[in-house]
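Counting starts at 1 for both ligands and their atoms, following the listed order.
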Amino acid sequence: MKNTLVCIFLFLSIPLFAEDGSRLWLRYEPLPELVSENYQQIISNICPAGSTETARIIEQEFVSAFENMNRRNLKFSKIITTNSLVFEIDTTIQSGYFIQTKKIKKGTYTSISASNDIDLLYGMYHLLRLMQMQEDITHLDIHEKPVYDRRILNHWDNIDGSIERGYAGRSLWDWDDLPGKISPRYTEYARANASIGINGTVLNNVNANPLFLSKEYVLKTAKLADIFRPWGIRVYLSVNFSSPTALGGLSTSDPLNVEVRQWWKDKAKEIYALIPDFGGFLVKANSEGLPGPQDFGRTHADGANMLAEALEPYKGIVMWRAFVYNATSPDRAKQAYEEFMPLDGQFHKNVIIQVKNGPIDFQPREPFNPLFGAMQKTPLMLEFQITQEYLGFSLQLAYLAPLYKECLDADTYSKGEGSTIAKVTDGSLFSQAVTAIAGVANTGNDANWTGHHLAQANWYCFGRLAWNPDLTSGQIAGEWLKMTFTTESAFVEPVKEMLLESREAVVNYMMPLGLAHLFAWEHHYGPEPWLAIPGARPDWMPSYYHKTDSIGLGFDRTVSGSDAVSEYFPPLSTIYNDITTCPENLILWFHHVHWNYRMHSNRTLWDELCYKYQDGVDAARKFQKVWDKMAPFMDKERFEDVQGKLKIQTTDAVWWKDACLLYFQTESRQPIPYEIERPVHDLKKLKSEKPVNPIP
Ligand code: GCW
């Protein structure tokens with residue numbers, strides 16, 4: 001009874017201060033008295049962590065977090081005593097860290113051990129996470145090590161401070177002020193990443209401005225590298241393939257030209273003189289109008305290997321993107337495979353091919369890219385998109401862990417059953433010198449970093465899955481909610497449920513059953529399934545993807561169609577090829593399905609489509625109701641901000657449903673089932689208005 005009263009008192013007495021979201025999941029709010037008392041018994045002093053800058057960070061972070069959570073000072077002790085927290089360097093540990101409760105004379109102490117101070121930093125964040133979640137830390141025996149060596153954010157940030165596909169303000173990097181003036185956000189950024197194990201950042205857009213390789217900008221980059229280094233974060237740069245011409249004044253950028261090769265070697269030398277731990281280059285070449293080796297009749301391998309050679313003396317890597325497609329291809333989904341498979345085995349060992357999760361482009365749902373598992377003699381890395389280019393920008397809730405997991409857990413069957421993409425890319429199925437994973441960042445200079453408060457969860461879950469792809473979406477959502485809001489289960493459980501359903505809701509009201517790319521082509525926010533601009537690239541038009549006609553809907557990628565199914569290993573190729581075994585959530589990706597085809601529900605395709613769109617809208621409405629009850633658990637600011645966004649989401653879900661159903665109905669010529677809400681939009685009007693970009 002007494003405890004309950006204390007809890008109630010505490011709950012009521014904690015002022016719900018205005019929060020702008022800037023503290024992310026590192027808020028370290030005061031803990032309930034009982035929990036705190038227990039923690040203070042287990043940790044009452046801390047032994048210095050060493051003499052490096054990282055050691056200082058570890059001490060400062062832990063002490064200040066501990067003091068905030070427990071309202072009690074933490075003393076330093078030179079010797080290990082009962083209830084010490086000790087950071088131990090142990091060079092026999094191969095990877096990761098241990099957190100253990102160890103015996104000493106009459107008591108115990110908590111030890112975090114690792115072979116280097118960066119892993120100690122990760123261990124420290126793990127312990128703080130347990131405390132923020134109010135977990136029991138009495139008997140700890142934890143060993144954690146990351147699955148991927150390089151866990152990297154890709155920033156599509158431009159030199160002028162804008163961000164391609166960024167929806168959370170402008171770039172975090174103030175290039176004009178660097179290297180002289182330093183924003184405090186640089187350290188906060190590094191800290192947030194370190195707390196979730198991210199250890200690399202590509203600072204600039206893959207549509208790269210050659211100026212980033214100029215001495216002036218390398219100096220600016222070097223400053224950021226200095227700030228990030230003690231947090232275990234290396235910097236990388238996206239490079240423009242024609243830099244030797246554009247920046248170096250050479251007459252060609254041909255990768256087999258001796259002077260061009262020398263130019264890159266000199267450039268690498270210059271970079272490493274300033275940034276000794278520089279990570280390497282990310283390259284988008286011969287894609288969407290960017291220059292590349294094919295401009296000179298050379299291959300991707302020729303281009304990548306030239307850069308790899310320049311970086312090799314310094315242990316730098318080349319992340320060469322497989323995101324390629326051209327306007328004349330009859331099936332864009334096949335192209336990366338067609339261009340890259342013949343090159344398998346031809347890349348230098350410090351090249352890794354960076355492949356988007358799906359064969360097209362970060363759609364709400366795609367099958368996995370068939371290059372995974374197929375390219376067995378070349379290291380491959382996944383590229384996920386954290387920024388929600390195709391999932392409602394920062395205006396809509398779409399928790400992306402389920403999307404990432406769907407891909408990581410997908411079985412490629414490349415070495416028999418169980419050849420998941422996680423295993424294909426983590427080096428356990430095919431030995432590879434480098435393992436890595438990348439996420440296109442959703443951060444910007446908005447106070448809350450990600451525009452939508454709940455989109456912070458996507459940054460968080462990317463980091464957590466890059467560390468351990470076996471974590472479940474629910475586990476990660478639970479951690480994030482507890483740290484970012486409160487551990488109250490009346491909040492955590494329903495909101496977790498909402499997060500877990502949110503990506504499927506977006507799929508349903510935008511592009512259910514395997515549909516893709518029905519977006520307004522200028523900005524990818526609203527629906528424009530009818531779009532067909534004469535003279536425009538056909539593969540940028542929705543009609544290229546949905547192929548609707550009076551017979552049915554969907555892209556025939558079977559053996560009698562584009563034959564994209566054959567890029568997958570059996571039995572997947574056969575499963576996808578057969579309409580009766582193809583998973584229904586991808587049926588329109590692989591088949592042109594008759595409007596009256598009977599789905600598993602026994603509804604016709606047309607009716608099922610209508611129900612799916614309705615499901616999406618219903619889910620968005622449900623999210624509003626769930627959230628409306630959450631006011632008592634947080635500050636007014638974050639509550640109302642999310643409430644406002646969920647309202648936009650519902651309105652836009654209805655817009656999507658109406659636009660797509662009304663448009664497809666012109667081909668299906670069937671009535672919308674009576675259980676489905678009547679459209680509130682008018683097709684003619686929708687078609688006559690350009691969908692507005694809500695975050696220009
Ligand atoms: O999805 C498309 C985006 C482009 C992006 C490109 C890519 C950076 O619309 O904005 O360019 O993918 O991944 O290279």
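- Looking at Lys356, Lys284, Gln363, it is Lys356 that brings a heavy atom closest to atom 12 (O) of ligand 1.
- Distances between N or O atoms of Asp361 and those of ligand 1 include at least one value under 3.5 Å.
- A distance of 6.0 Å or more separates the ring centres of Tyr545 and Trp589.
- Here the heavy atom of the protein found nearest to atom 4 (C) of ligand 1 is Glu164 OE2, 3.3 Å.
- Checked by distance only, ligand 1 and Trp156 stay at 3.5 Å or farther apart across all their nitrogen or oxygen atoms.
- The residue Tyr325 has no part lying near ligand 1, judged by heavy-atom distances below 4.0 Å.
- Atoms of ligand 1 found under 4.0 Å from any heavy atom of Phe323, numbered from 1 in the order shown, are 6 (C), 7 (C), 12 (O), 13 (O), 14 (O).
- Between Arg321 and ligand 1, an N or O atom pair is found at a separation short of 3.5 Å.
- Inter-residue side-chain proximity for Tyr460 and Thr450 is flagged as unmet; no heavy-atom pair is nearer than 4.5 Å.
- Closest to atom 6 (C) of ligand 1 among all protein heavy atoms lies Glu288 OE1, 3.3 Å.
- Contact of the Tyr217 side chain with the Asn209 side chain is not registered, since no non-hydrogen atoms from C-beta on lie closer than 4.5 Å.
- Counting the atoms of ligand 1 from 1 in the order shown, those under 4.0 Å from a heavy atom of Asn205 are 8 (C).
- Only one option out of Glu339, Glu288, Glu383 pairs with Arg321 in a salt bridge (Lys or Arg N to Asp or Glu O under 4.0 Å); it is Glu383.
- Asn207 ND2, 3.3 Å is the protein heavy atom nearest to atom 8 (C) of ligand 1.
- Here Glu406 pairs with Arg365 in a salt bridge; the nearest charged N to carboxylate O distance falls below 4.0 Å.
- Residues Glu164 and Asn207 form a side-chain contact, since some pair of their non-hydrogen atoms from C-beta on lies under 4.5 Å apart.
- When each atom of ligand 1 is checked for a heavy atom of Val206 under 4.0 Å away, the hits are 8 (C), 14 (O).
- The ring of His524 has its center closer than 6.0 angstrom to the ring center of His517.
- Applying the 4.0 Å criterion to heavy atoms of His524 picks out, from ligand 1, the atoms 9 (O).
- Counting only heavy atoms of the protein, atom 9 (O) of ligand 1 lies nearest to Glu389 OE2, 2.6 Å.
- Asp254 and Arg298 are joined by a salt bridge, as a carboxylate oxygen and a charged side-chain nitrogen come within less than 4.0 angstrom of each other.
- Here Val440 has no heavy atoms under 4.0 Å from ligand 1, in either its backbone or its side chain.
- A donor-acceptor pair shorter than 3.5 Å can be found between the side chains of Asp658 and His681.
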